[in-house]
Amino acid sequence: MNIFNLAYEYRNFFLSGLQYTLLLAVIGVFCGFVLGIAVALLRMSRFWPLRFIATAWVEFLRGTPMLVQLFLIHYGLPVFGIEFSPIESGAITLSINSSAYLAETFRAGIQGVDRGQMEAARSLGMRQGMTMRYIILPQALKNVLPAIGNEFITIIKESSIVSMIGVADLLFQSRTVTTITYEALTPLLIIAFMYFVMTFTLSKILGRLERRLNTDDRR
Amino acid sequence: MIAVKNLHKYFGKLEILKGIDLEVKKGEVVVVIGPSGSGKSTLLRCLNLLEQPTSGEIAFEGHSITTKKHDINVTREKMGMVFQQFNLFPHKTVLQNIMLAPLKVKKQQHSEAEKIAVELLRTVGLEDKKDVYPAQLSGGQKQRIAIARALAMQPHVMLFDEPTSALDPEMVGEVLEVMKKLAEAGMTMVIVTHEMGFAREVGDRILFMDDGVIVEQGTPTEVFGSPKHVRTKDFLSKVL
């Protein structure tokens, strides 16, 4: 069967898979971002137990395979009576995993902002939190935007592991189409293209955002 | 207005300030001079606790600011500081730089904050720059904006940490001019500088620091005209 015919004929499978992939990617990006900032700030806390927890969080999540993390949450936690639906397990795994990588990125960004910025803000009577919010974080995020973009793209792609626990995402649906049509290659090419369109669009959007944020550097 | 008693500051094992006693009166312009590494900047930065003193006491307007329960943020609102490296916020326009602290810290109305900011920009002669970003300004302009930003909080005292040391020579004058106007308007100022001509002209009192202590102090005529201490003479002979 021709690739276009197959894509059209089974469009409902691909589109429903796309919905799950997008849903998980958006949750992963958003929660990972918020959690990542929190972890980055904890890692720079003056209080060592907080620093320790945040460091352990980052090291564990970066040092173990995401698939293992997914299985731990989905098949491991029920041992303690904590059960999640496949979608929930997938969303949690993607969020915490990306939070670890983003936390390191944010930390680099925050530490890259000149010390004088903090001093100037504090000398004006701004408190620590206020200074972070209005002075340090905006500059830090701008500086590490390309790295954040990479992480977002990774989340979109890596979300495909949720098919392993039965979430009907793009990869899962392509296999469904394969079992119906006995076409091994074509469904995979179709979803590969769909993933590419998503990541490419995102990288274009981020590129534009980067240029816009750079307006204040223009001389 | 500011009273410093037996201030010591260590960086690790290195003793930078070795027992400083200092009193600054309202309306007084105190200029701190001395060789590099003598502790001038550290002393200034201790006054608003950007550096935490190792021991000693600092009081501002009659209240100790070095006790643990004192909220330093409240005091910092009343102490403006100008840095060698300007430290303008690069992601904000000139006007936003000046208005940020009045809006967020003092909770001023936007219209009021803007009125004060524009007025200050006029004072420093840069009202036409209100909507540009710091990257588009020269060093001298940046420092004038930094002064305006500190003044926007309507501080009771202004601290200057080598405000002209990072400037090209032709821009030093415009910054000193603004500071002179400020001194003439009666602002209490503590200035760390290497500009001896300016110190002599504007200072009510000159402090000469060397090796973590105040070696000598007095009026400009006393310190520059007839320095008593050999270290002061030595230093002045090198810079004048």
Side-chain angles (χ1 to χ4, degrees), chain A residues 33 37 40-41 44-48 51 105-149 205-219, chain B residues 41 44-45 47-51 71-94 96-107 131-138 142 145-155 157-161 166:
Chain A
F33 190 88
I37 288 182
L41 292 178
M44 292 181 296
S45 160
R46 250 170 293 176
F47 192 49
W48 75 262
R51 249 182 0 246
T105 304
F106 293 149
R107 188 170 66 112
I110 290 167
Q111 287 173 344
V113 176
D114 187 68
R115 240 176 81 95
Q117 292 290 307
M118 172 68 86
E119 291 183 348
R122 298 307 302 273
S123 79
L124 288 164
M126 293 173 69
R127 279 149 209 280
Q128 178 96 19
M130 220 182 246
T131 305
M132 265 294 160
R133 182 167 154 211
Y134 295 112
I135 305 301
I136 307 296
L137 279 181
Q139 295 183 58
L141 291 182
K142 192 190 111 183
N143 291 342
V144 296
L145 196 62
I148 296 173
I205 292 172
L206 287 165
R208 181 165 297 180
L209 183 64
E210 221 173 292
R211 277 195 299 280
R212 255 188 49 188
L213 287 178
N214 275 337
T215 45
D216 51 340
D217 287 339
R218 234 178 267 150
R219 275 148 209 280
Chain B
S41 286
L44 194 74
R45 292 160 57 84
L47 295 182
N48 65 354
L49 300 196
L50 277 187
E51 299 290 354
D71 181 5
I72 186 60
N73 296 299
V74 179
T75 305
R76 283 180 181 151
E77 289 177 36
K78 297 174 201 151
M79 299 175 122
M81 186 157 197
V82 175
F83 300 85
Q84 185 177 353
Q85 298 297 337
F86 329 127
N87 297 341
L88 292 181
F89 307 134
H91 60 304
K92 300 205 171 285
T93 64
V94 163
Q96 289 168 341
N97 262 278
I98 299 175
M99 287 167 60
L100 183 69
L103 287 177
K104 301 296 175 193
V105 179
K106 276 195 155 177
K107 315 274 184 215
D131 293 318
V132 308
Y133 286 96
Q136 295 159 284
L137 299 171
S138 72
K142 280 182 196 167
I145 298 298
I147 294 172
R149 178 177 68 179
L151 289 174
M153 289 298 283
Q154 294 158 326
V157 57
M158 286 283 284
L159 311 174
F160 290 87
D161 187 6

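The chains referred to below are lettered A, B, ... by the order of the sequence lines, with proteins before strands, and numbering in each begins at 1. Treat the numbers as computed from the prediction; the structure is a model and nothing was measured.
Contacts of B:Leu159 with chain A are absent, with no heavy-atom separation under 4.5 Å from either backbone or side chain. A:Met130 touches chain B through its side chain: at least one heavy atom from C-beta onward sits under 4.5 Å away, while N, CA, C and O do not. Looking at B:Met79, the atoms closer than 4.5 Å to chain A (heavy atoms on both sides) all sit in the backbone: N, CA, C or O. Of the atoms belonging to B:Arg45, it is side-chain heavy atoms, and not backbone ones, that fall under 4.5 Å from chain A.
Sorted by first and then second residue, the pairs that involve residues 121-138 of chain A and meet salt bridge (Lys or Arg N to Asp or Glu O under 4.0 Å), not counting sequence neighbours, are A:Arg127-B:Asp71.
The ring pair (Phe, Tyr, Trp, His ring centres under 6.0 Å) search around A:Phe33 returns A:Phe106, not counting sequence neighbours. Contacts of B:Phe83 classified as ring pair (Phe, Tyr, Trp, His ring centres under 6.0 Å), with partners at least two apart in sequence or in another chain: none.
Contact count versus chain A (heavy atoms, under 4.5 Å) is highest, among B:Arg149, B:Glu77, B:Lys106, for B:Arg149. Ranked by non-hydrogen atom pairs under 4.5 Å with chain A, the options B:Gln84, B:Met153, B:Lys104, B:Met81 are led by B:Lys104. Each of B:Ile72, B:Leu88, B:Asn48, B:Thr75 has some count of heavy-atom pairs under 4.5 Å with chain A, and the biggest count is that of B:Leu88.
Contact record, B:Ala150 with A:Leu124: CA-CD2, 4.1 Å, taken as the closest heavy-atom pair. Between B:Asn73 and A:Met126, the shortest heavy-atom contact is OD1-O, 3.8 Å. Across every non-hydrogen atom of A:Gln117 and B:Pro90, the tightest pair is OE1-CD, 3.4 Å.
Side-chain contact check for A:Ile135 versus B:His91: some heavy-atom pair is nearer than 4.5 Å. Proximity of A:Pro138 to B:Lys92: side-chain heavy atoms (C-beta onward) are nowhere separated by under 4.5 Å.
Annotation: the span from B:Leu49 atom CG to A:Ser123 atom OG amounts to 12.0 Å, rounded to 0.5 Å.
Contact annotation for residues 108-116 of chain A against chain B (heavy-atom separation below 4.5 Å, listed by residue number): A:Asp114, A:Arg115, A:Gly116.
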